[in-house]
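Report on one structure; see the data block that follows.
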Amino acid sequence: MTTSRCLGVTPPFSILGEHAQFPMYGENQRRFSLLFKACLPCPQISYALQFKDEARIVPEFSDKKYKVRKDLIGKLITRIRTLVGLANGPDTSSSAAEKPAGPSHGSGPFPQPKAQTGNSPQKDRRRRKKAAPPEPGQTAAPDSPPWHRELFDVPPAPGKIRFHDLDIPDVVLHGIADIGFQYTTPIQAEILPECLSGRDAFGRAQTGTGKTAAFLITIFTRLLNSPIRGKRSPGVPRALVIAPTRELVMQIADEAHLLAKYTGLTIVSVFGGMDYEKQRRQLLSGHVDVVAATPGRLLDFKRRKDLDLGKVEILVIDEADRMLDMGFIPDVRQIVYSTPPKDRRQTLFFSATLTPDVTRLSSSWTRNPVSVEIEPEQVAVDTVSQRVYIVTTDEKFALTYNIITQQNLRQVLVFCNRRDETRRLSELLTRYQIDCAVLSGEVPQKKRVQTLDQFKAGKIRVLVATDVAGRGIHIEGMDYVINFTLPHDPEDYVHRIGRTGRAGSAGTAISFACEDDSFYIPAIEAFIGNPLTCTLPEETWLVLPPPPPKPPRAPGTFSAGSAKAGAPESGKPRRRRRPPGGSSQKDGRNRPRPPRSDPKRSGPSGQKKTDP
């Protein structure tokens, strides 16, 4: 190894080594001069070039004598490797004995100019294009081993239909396997075979029966079986799902993303209360396959011509009875008439109740639909254990607290009828150090989304909500629902307890019948077709323990009394703020001051002089 100083060398020069001598002429001399110029900012650095063969140069730097910044050394090494042509790595394919040595032009350890034309890794990274999104039907990770339905091993069961037995694409079946679905629910078993064949459908089913997965699987299967080749315009969806509430739209979109994980389809949710421009950018950023929306915000995009519904192939109307009650039917009718005629699209119509208005809408918007009805008592009785405790209004909170604490419930959904009831109940639970949150119509939409996500993730123990959360919200592992106040509408009772016992799992619904709410029990029993057994709770559950002591205040904070009196507990005394316009009026000091006398125009007694 030979070590030389970077400075004090004038060309032509040569580097003397133990094995060979490499004179510097022509191109090599120019490159080595550039190498020395690169070393000029730090002349104390010494370098050594170890010649293993003519095609490889290994630069080595030492800073034993002088302290040199590491970033400068790194930049210098990169510059030297670029100058001597080592950007593409060492070339050890040929040895020094195979190449002629001597002072000929271009010979020596430095590569020829043509050999330096290769792309460096940085240029390769700059030129590397962004990977194109997968085509519909491709998996999200094409490098992984291909998935096929044989990997989804579900044993046959008598009286049950597996998803294997249906004509579903493998990429959709892959998403079903990841979620953990194995057998179809009753409504899925009746409606999926007909819908997959292209027929319209009218389903009467409560939430929690699996109808959302049924129409999503139908949408994805239809879009994958008939892909559109070529360029597509932005803001032109192929499938449209309309739901009455924002929470239900978000729930549909979340489940759609899980099922379409490997399909490459684009899903966009559109609803009010969120950033309009952000949703607009999502619609116009590229092609859109599925749009889940509330009627109002969907019409806003349609009026601004950001959304074109003229090429919708499949239309889903969910919770039609709820939209009828909320007055959305004129908006929904305008949306339906913006889509292609019913003989050129597939329409799926779902409602929790069957009324003459709902039947009339279904017959006008569908074409020879297959009708499926799941009775409400199948949801309310078979999978949900219902308990009704007879209490007074004053005993409700004590019973709620003891149920949560003594049974060590980790996730509870408590329903109230009014917003003020949710606020008061949340304040009491917080006073007793129970982590809770409120979900009602007065909470901003962004905070409602965050609260619901935290509750689903298990970060919130108790969620106190109004009926805004009673429709279509699926919370995994929800075992207990408490009706702090019974709903006035029997149908809302079914929707509330439908948050638990979903898709065949077991759940428990507890209701309180006080002197005001007990009158609604007969109507609920008539609606579900089964009696509700009312019992008295244990006496110990009606005893409310004293609230835990409040945590001590941090130093420097003020109590309520000291803040009013204006005397802080620590620190400098606060200055008293004057009201605008001068002193306080209570002490009579807010009077206009008398005019100041002019000494030039007043006499010794202060009286004003008069002109002669």
Side-chain angles (χ1 to χ4, degrees), residues 133-140 168-169 171-176 178-179 188 191-192 195-196 198 200-201 210-229 232-271 274 278-295 297-302 306-319 332 335-336 338-340 344-350 472 474:
E135 293 291 334
Q138 284 186 341
T139 60
I168 300 175
V171 288
V172 180
L173 198 63
H174 192 180
I176 295 174
D178 288 352
I179 296 176
Q188 292 171 355
I191 205 172
L192 269 177
C195 290
L196 292 176
D200 292 358
K211 60 181 175 62
T212 302
F215 65 71
L216 287 176
I217 293 173
T218 303
I219 291 174
F220 300 150
T221 302
R222 180 185 177 97
L223 299 185
L224 293 174
N225 289 339
S226 57
I228 296 179
R229 304 297 180 184
R232 294 171 52 189
S233 302
V236 184
R238 302 181 60 191
L240 177 63
V241 181
I242 307 174
T245 62
R246 292 169 282 192
E247 287 75 18
L248 185 55
V249 169
M250 290 185 293
Q251 178 65 35
I252 292 172
D254 292 341
E255 191 165 349
H257 283 101
L258 293 176
L259 290 173
K261 181 179 180 181
Y262 305 99
T263 61
L265 299 173
T266 305
I267 302 160
V268 178
S269 57
V270 172
F271 49 88
M274 299 295 286
K278 182 179 179 181
Q279 296 179 357
R280 180 175 178 270
R281 288 192 298 268
Q282 292 177 352
L283 287 173
L284 301 180
S285 59
H287 67 271
V288 180
D289 296 303
V290 182
V291 170
T294 54
R297 180 55 63 93
L298 188 67
L299 284 179
D300 292 340
F301 283 109
K302 180 181 175 297
D306 295 327
L307 194 66
D308 184 9
L309 304 179
K311 295 185 179 180
V312 171
E313 304 174 22
I314 181 168
L315 173 65
V316 178
I317 302 174
D318 196 13
E319 301 283 357
V332 176
I335 294 171
V336 172
S338 301
T339 62
R344 292 169 48 194
R345 70 166 190 267
Q346 184 179 6
T347 306
L348 308 181
F349 192 95
F350 295 96
H474 175 61

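Numbers here simply count residues along the sequence, with the first being 1. Everything numeric here is computed off the predicted structure, so don't read it as measured data. What's counted below: heavy atoms across the whole structure, side chains too, no hydrogens, waters or symmetry copies.
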Kindly indicate, with the supporting measurements, whether the criterion side-chain contact (heavy atoms from CB on, under 4.5 Å) is fulfilled by K211 and I191. CA-CA 9 Å; K211 60 181 175 62; I191 205 172; over 6 Å; no
Any [X] side-chain heavy atom under 4.5 Å of [Y] side chain:
X	Y	value
L309	P237	yes
V249	V241	no
Q346	T218	yes
V290	F220	yes

If we ignore hydrogens and angles and just use 3.5 Å, is the side chain of [X] paired with the main-chain N or O of [Y] as donor and acceptor?
X	Y	value
T339	V336	yes
Q188	G210	yes
D200	T347	yes
D289	I267	no

Can you see which heavy atom on [X] is nearest to which on [Y], and at what distance?
X	Y	value
F271	Q279	O-NE2, 3.0 Å
N225	P169	OD1-CG, 4.2 Å
T263	V172	CG2-CG2, 3.9 Å
P340	G310	CG-O, 3.3 Å
D318	P244	O-CD, 3.5 Å
S226	R222	OG-O, 2.9 Å

Which residues pass the side-chain hydrogen bond (donor to acceptor under 3.5 Å, both in side chains) test with [X], sequence neighbours left out?
X	result
S285	none
R246	Q445
Q282	none
T294	none

When you look at V312 and V291, which way does the side-chain contact (heavy atoms from CB on, under 4.5 Å) test go after all the steps? CA-CA 10 Å; V312 171; V291 170; over 6 Å; no
What's the separation between atom [atom1] in [X] and atom [atom2] in [Y], rounded to the nearest 0.5 Å?
X	Y	atom1	atom2	value
I168	I217	CD1	CD1	5.0 Å
I219	L348	CD1	CG	7.0 Å
E255	I179	CD	CD1	6.0 Å
L259	D254	CG	CG	11.5 Å
F215	I317	CZ	CD1	11.5 Å
L223	T266	CG	OG1	10.5 Å

Who pairs with D178 by side chain to side chain contact (heavy atoms under 4.5 Å, CB included), at least two apart in sequence or on another chain? H174, K261, Y262
Would you sort out whether T245 and E319 count as a side-chain contact (heavy atoms from CB on, under 4.5 Å), showing the intermediate values? CA-CA 9 Å; T245 62; E319 301 283 357; over 6 Å; no
Keeping to residues at least two apart or across chains, list the side chain to side chain donor-acceptor pair (under 3.5 Å) pairs with something in residues 306-317. R238-E313, R280-D306
